[in-house]
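The structure displayed is predicted, hence computed values, not measured ones. Side chains included, hydrogens not; waters and symmetry mates left out as well; all remaining heavy atoms used. Reminder, nothing fancy here: chain letters follow the sequence lines and each chain counts from 1.
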Amino acid sequence: MLSSYINREKVYVEDIAKYEGQKITLYGWLYNKRLKGKLAFLLLRDGTGIIQCVMSVADVGEAIFQRAEEVTQESSIVITGQVRADQRAPGGYEILAEDLQIVHLAKDYPITPKEHGTTFLMDHRHLWLRSRKQNAILRIRHTIIQSIRDFFDQQKFVLIDAPIFTPAACEGTTTLFETDYFDTKAYLTQSGQLYMEAAAMAFGKVYCFGPTFRAEKSKTRRHLTEFWMVEPEVAYMDLNGAMELAENLVAYIVERVLDKHQEQFKVIERDTSKLETIKTPFPRIHYDEAAKILKEAGSEFVYGDDFGGGDETIISNQFDRPVMVHRYPAEVKAFYMKNDPEDQSRALCVDMLAPEGYGEIIGGGQREDDYDTLIEKIKKHNLPQSAFEWYLDLRRYGSVPHAGFGLGIERTVAWICGLHHVRETIPFPRLMHRLYP
RNA sequence: UCCCGAGUAGCUCAAUCGGCAGAGCGGGUGGCUGUUAACCACUAGGUUGCAGGUUCGAGUCCUGCCUCGGGAGCCA
């Protein structure tokens, strides 16, 4: 019975307005139902939307109506009927049902239309994905990823995939996941950056897009142990170029999402007026200016340190769009950052802080391109030079000024969707205390 | 790793001073032709996270452990 329709072109709920007055068949699941004697209201969900199907016993007869009485939440169903506009229907359209097929009867679906706690929902993440709100968030995530790819592709960047297994750390080793790689140790990547530098020397403008892993024992709303990052890297580009690229990227993402997802923003109750202001240019402030803002706000921030989560919120609250803080003290930044020739104590780096307290969404800067200086920095950071010989080759053979950055997808989604926690921005989050489902 | 907080029905939560373990949702049965997380009536459903201790009596107090949540540091 199923094989007769399983591969056929289907009508989806998101396109329902096009079929007004026509008889159609919808394939999906029962989201919820309300029975009222000889009248049944069935909410059918098909992944693209939810639509109310009205069934009257007088129209379909006792046998079919009995299926409506029996069908349970999240049972898979096929409904045939006429599309009509009706003010009383949520969404403005409904189906006047003529037939209902139950493909599979679900028994005791655990997630009810009432409220649930975080732990319970996270344990049922594989089912929670079916909910209206999670559907909206992950559709917005999809568009964010799509617009990132479009942004770079349109500017003729080449997508170069970075490896997941890496031989050594590019920053601290305490945050690496160690794996057994035959008779040696390998680590899950925490950044594709060093490989992108190699690729930039080969292709000019490149980016990678993939998962990264950090074994930080962090339990905050901004941390995942597995998260996705896009990392562009450009040869013959300096810090200013990186900042321009970063602000153009973020403004483009916001524009695309606002254009496409008004309906999803309504579902997740996101006030989009705070996104309408996100236009270039973004403010650029020196680390010293940021420090001054914190001092005036009475923060316990110590000059010379990196900013804490609360400090980032204080700084970002001064602006109605993301703010870029540049030239941090070189000491708090990674070995590959180039020092500012005008002030050797500063790194040519930039962090972009999202508005509304969402914190750092971008970190990047200009890379050290001088061979001798880089060697010194590797020594100063107590890193094994042997592991970086291939990286040093990039400074031996045609070194040029180059820059790039990394944008964290989940934090960007959390900010754009106005979510409290990054765990809802990825289909199956990996957290310090969660590896299931 | 450190600092807080919470574990009671399938789920969300109550239970006053230490004194009969309860409600809503979900499940079951019946009713209802315009419901909007439908509603109404009835009904089943419990090793109060685990192990000890105090007490006439512990969901409640004490000790240890486990799990989860919030935050810090670190980061995207």
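If you measure from atom CD of A:Glu269 to atom C1' of B:rA37, you get 13 Å, rounded to the nearest angstrom. Here the P atom of nucleotide B:rC74 and the CG atom of A:Asp306 are 7 Å apart, to the nearest Å. For the pair A:Tyr436 OH and B:rU67 P, the computed distance is 17 Å after rounding to whole Å. Note: CD (A:Glu231) to C1' (B:rA76) measures 9 Å, nearest angstrom. Atom P of nucleotide B:rC68 and atom CG of A:Leu121 are separated by 16 Å, given to the nearest angstrom. Rounded to a whole Å, the CG atom of A:Leu30 is 15 Å from the P atom of B:rA37. When rounded to the nearest whole Å, the span between NZ of A:Lys133 and P of B:rA37 equals 16 Å. Per the geometry, CG belonging to A:Leu35 stands 14 Å off P belonging to B:rG34, to the nearest Å.
Residue A:Leu224 is in base contact, counting any heavy-atom pair closer than 4.0 Å across all strands shown. Note on A:Glu94: a base of the nucleic acid sits closer than 4.0 angstrom, heavy atoms only. Residue contacts for A:Gln73: at a heavy-atom cut-off of 4.0 Å it reaches no nucleic acid atom on any strand shown. Residue contacts for A:Ser56: at a heavy-atom cut-off of 4.0 Å it reaches a base atom on one of the strands shown. A:Ala40 comes within contact range of no nucleotide atom at all, as no heavy-atom separation falls under 4.0 Å. A:Phe41 comes within 4.0 angstrom of a base, heavy atoms only. Using a 4.0 Å heavy-atom cutoff across all strands shown, A:Pro90 reaches at least one base atom of the nucleic acid. Across all strands shown, A:Leu407 has no heavy atoms under 4.0 Å from either base or sugar-phosphate atoms. If you check every strand for non-hydrogen atoms under 4.0 Å, A:Arg423 touches sugar and phosphate atoms only. Contacts of A:His124 with the nucleic acid, taken as non-hydrogen atoms under 4.0 Å apart, are absent.
Remark: A:Arg270 engages A:Glu356 in a salt bridge, criterion side-chain N to carboxylate O under 4.0 Å. In summary, A:Lys133 and A:Glu269 do not engage in a salt bridge, as defined by a charged side-chain N under 4.0 Å from a carboxylate O.
In this structure, of B:rC32, B:rG27, B:rG34, it is B:rG27 that holds the atom nearest to the side chain of A:Asp108. Listed nucleotides: B:rG34, B:rG73, B:rG69. Nearest to the side chain of A:Thr119: B:rG69. Nearest to the side-chain atoms of A:Lys217 among the listed nucleotides B:rG26, B:rU1, B:rC11 stands B:rU1. Side chain of A:Thr112, nearest nucleotide from B:rG10, B:rU35, B:rA72: B:rG10. Among the nucleotides B:rG34, B:rA76, B:rG70, the one closest to any side-chain atom of A:His223 is B:rA76. Among B:rC68, B:rC11, B:rG34, the nucleotide with an atom closest to any side-chain atom of A:Phe120 is B:rC11. Candidate nucleotides B:rC68, B:rA72, B:rG34 were compared by shortest atom distance to the side chain of A:Arg222, and B:rA72 ranks first. The nucleotide whose nearest atom lies closest to any side-chain atom of A:Lys38 is, among B:rU33, B:rG34, B:rC11, B:rU33.
Nucleotides of RNA chain B nearest to A:Thr72 and A:Val57 differ in position, and the one nearer the 5' end is that of A:Thr72. With the nearest nucleotide of RNA chain B identified for both A:Arg84 and A:Asp351, A:Arg84 has the one nearer the 5' end.
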Residue pair A:Ile278, A:Leu258: steps toward the side chain to side chain contact (heavy atoms under 4.5 Å, CB included) verdict: CA-CA 11 Å; A:Ile278 312 302; A:Leu258 281 175; over 6 Å; no
Derivation of the side chain to side chain contact (heavy atoms under 4.5 Å, CB included) call for A:Glu226 and A:Phe428: CA-CA 10 Å; A:Glu226 177 180 312; A:Phe428 295 96; over 6 Å; no
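Look at B:rU35: it lacks any Watson-Crick or wobble partner with both distances under 3.5 angstrom. Pair assignment for B:rA41: B:rU29, on the basis of Watson-Crick or G-U wobble contacts that are both within less than 3.5 Å. Pairing of B:rU54, defined by two Watson-Crick or G-U wobble distances under 3.5 Å, is not identified with any nucleotide. Shown here, B:rC20 forms no base pair; nothing in the strands shown gives a Watson-Crick or G-U wobble contact with both key distances under 3.5 Å. Pair assignment for B:rG69 gives B:rC4, based on Watson-Crick or G-U wobble hydrogen-bonding distances that are each under 3.5 Å.
With both ends at atom C1', the span from B:rC61 to B:rU54 equals 8 Å, rounded to whole Å. On the C1' atoms, B:rU1 is 48 Å away from B:rA44, given to the nearest whole Å. Taking the P atom of each, B:rG49 and B:rA58 are spaced 15 Å apart, rounded to whole Å. For the C1' atoms, the distance linking B:rU12 with B:rG31 amounts to 28 Å, nearest Å. Taking atom P in both B:rG19 and B:rU60, the straight-line distance is 11 Å, to the nearest Å. Comparing B:rG5 with B:rC17, their C1' atoms are spaced 24 Å from each other, to the whole Å. Rounded to a whole angstrom, the distance from the P atom of B:rC13 to that of B:rU8 is 9 Å. Taking atom P on both B:rC4 and B:rG24, the two are 38 Å apart, rounded to the nearest angstrom.
Judged by atom type and distance alone, A:His116 does not reach the base of B:rC11 through any side-chain donor-acceptor pair under 3.5 Å. The base of B:rC32 has none of its N or O atoms less than 3.5 Å from a complementary donor or acceptor on the side chain of A:Arg34. Judged by atom type and distance alone, A:Gln87 does not reach the base of B:rG34 through any side-chain donor-acceptor pair under 3.5 Å.
For B:rC68, the base is anti relative to its sugar; the glycosidic angle deviates from 0 by more than 90°.
Using bins of under 30°, 30° to 60° and over 60° for the plane-to-plane angle, the ring pair A:Phe335/A:Tyr391 lands in the perpendicular bin.
For the OP1/OP2 pair of B:rG71 and a distance below 4.0 Å, the side-chain nitrogens and oxygens of A:Arg221 include at least one atom meeting the criterion. Close to B:rG71, at under 4.0 Å from its OP1 or OP2, lies no side-chain N or O of A:Lys219.
A:His381 contributes no side-chain N or O that, together with a main-chain N or O of A:Leu383, makes up a donor-acceptor pair within less than 3.5 Å. Proximity of a side-chain donor or acceptor of A:Thr48 to a complementary backbone N or O of A:Val13 within less than 3.5 Å is detected.
Each of A:Leu35, A:Ile64, A:Leu39 was checked for a side chain to side chain contact (heavy atoms under 4.5 Å, CB included) with A:Met55, and the lone residue meeting it is A:Ile64.
Residue A:Tyr207 holds its OH atom at 9.5 Å from CD1 of A:Ile148, rounded to the nearest 0.5 Å.
Taking the six-membered ring where the residue is Trp, the centroids of A:Trp390 and A:Tyr195 are separated by under 6.0 Å.
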